[in-house]
Amino acid sequence: QVQLVEPGGGLVQAGGSLRLSCAASGRTFGSYVMGWFRQAPGNEREFVAAIAWSGVMRYYGDSVKGRFTISRDNAKNTMYLQMNSLKPEDTAVYYCAAKAAYASLTEVYDYNFWGQGTQVTVSS
């Protein structure tokens, strides 16, 4: 089992950058595929990005491709989401999540563990 915490988040102007982190407890962080999702008010939870156990394989949602970069540091039990060229439509609560298999990456139901979420607000 793994517990996930997302410090950070915040308010940034459009065009700016922000880096989110997700800290995991336990010694098995490296055995989990990790993902980022986001949810804006009134919307369903949306897939943002996922990264495999070693960090070599990464997958992005179409809306963030080319602007966001997912990474992980297994030695620090931490995953990151570097967000560049932010837009007002990126405003949402961002969640990190963990799962065992590198499959069904975009499916919310397939992730076993979730963080509490952190608010990101992009002003125009």
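The figures that follow rest on heavy atoms only: side chains count, while hydrogens, waters and symmetry mates do not. Note that the structure is a prediction, hence the values are computed from the model and not measured.
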Using modelled atom types and a 3.5 Å cut-off, is there a donor and acceptor pairing between side-chain atoms of [X] and backbone atoms of [Y]?
X      : Y      : result
Thr91  : Val122 : yes
Lys99  : Ala101 : yes
Glu6   : Gln116 : yes
Ser25  : Gln3   : yes
Thr118 : Gly8   : yes
Asp90  : Lys87  : yes

Original post:
Got a sec, which pairs hit ring pair (Phe, Tyr, Trp, His ring centres under 6.0 Å) with one end in residues 58-93, sequence neighbours left out?
Top reply: Phe47-Tyr59
For the student: nearest non-hydrogen atoms of [X] and [Y], plus distance:
X      : Y      : value
Phe29  : Ala24  : CD1-CB, 3.3 Å
Asp110 : Ser104 : OD2-CB, 3.5 Å
Ala100 : Asn112 : N-OD1, 4.0 Å
Val2   : Ala98  : CG1-CB, 4.1 Å
Glu107 : Tyr111 : O-CD1, 3.2 Å
Ala40  : Ala92  : N-CB, 3.8 Å

Let me confirm one number: the [atom1]-[atom2] distance from [X] to [Y], rounded to the nearest 0.5 Å.
X     : Y     : atom1 : atom2 : answer
Ile70 : Met34 : CD1   : CE    : 8.0 Å
Thr69 : Asn84 : OG1   : CG    : 6.5 Å
Arg38 : Leu81 : CZ    : CG    : 9.5 Å
Leu20 : Met83 : CG    : CE    : 3.5 Å
Ser21 : Asp73 : OG    : CG    : 11.5 Å

Subject >> Residues Lys65 and Asp62 bridged, charged N to O under 4.0 Å >> reply: yes
Original post:
Run the side chain to side chain contact (heavy atoms under 4.5 Å, CB included) check on Leu18 and Leu86 step by step: do they pass?
Top reply: CA-CA 8 Å; Leu18 196 63; Leu86 283 161; 4.0 Å; yes
Original post:
Parallel, tilted or perpendicular: which describes the rings of Tyr32 and Phe113, with under 30° parallel and over 60° perpendicular?
Top reply: perpendicular
**OP:** Can you sort out the partners of Thr106 under side-chain hydrogen bond (donor to acceptor under 3.5 Å, both in side chains), two or more places apart, ordered by chain and number?
**Re:** none
Subject >> Cation-pi check, Arg72 onto Trp53 ring (under 6.0 Å, within 45° of axis) >> reply: no
Original post:
Cut-off 3.5 Å, side chains only: do Glu46 and Ser63 have a donor facing an acceptor?
Top reply: yes
Subject >> No-hydrogen, no-angle side-chain donor-acceptor test under 3.5 Å, Ser17 and Arg67 >> reply: no
Subject >> All salt bridge (charged side-chain N to carboxylate O under 4.0 Å, His left out) counterparts of Arg58, not counting sequence neighbours >> reply: none
Subject >> Gln119, CD: over 12 other non-hydrogen atoms inside 6.0 angstrom >> reply: yes
Subject >> From CA spacing to verdict: side chain to side chain contact (heavy atoms under 4.5 Å, CB included), Cys96, Phe37 >> reply: CA-CA 6 Å; Cys96 65; Phe37 287 76; over 6 Å; no
**OP:** Could you state whether Leu105 and Met57 fall into the same hydrophobic cluster, counting links through intermediate Ile, Leu, Val, Met, Phe, Trp or Tyr residues with side-chain heavy atoms under 4.5 angstrom apart?
**Re:** yes
**OP:** Given side chain to side chain contact (heavy atoms under 4.5 Å, CB included), test Val108 with Tyr95 step by step and report yes or no.
**Re:** CA-CA 11 Å; Val108 171; Tyr95 298 90; over 6 Å; no
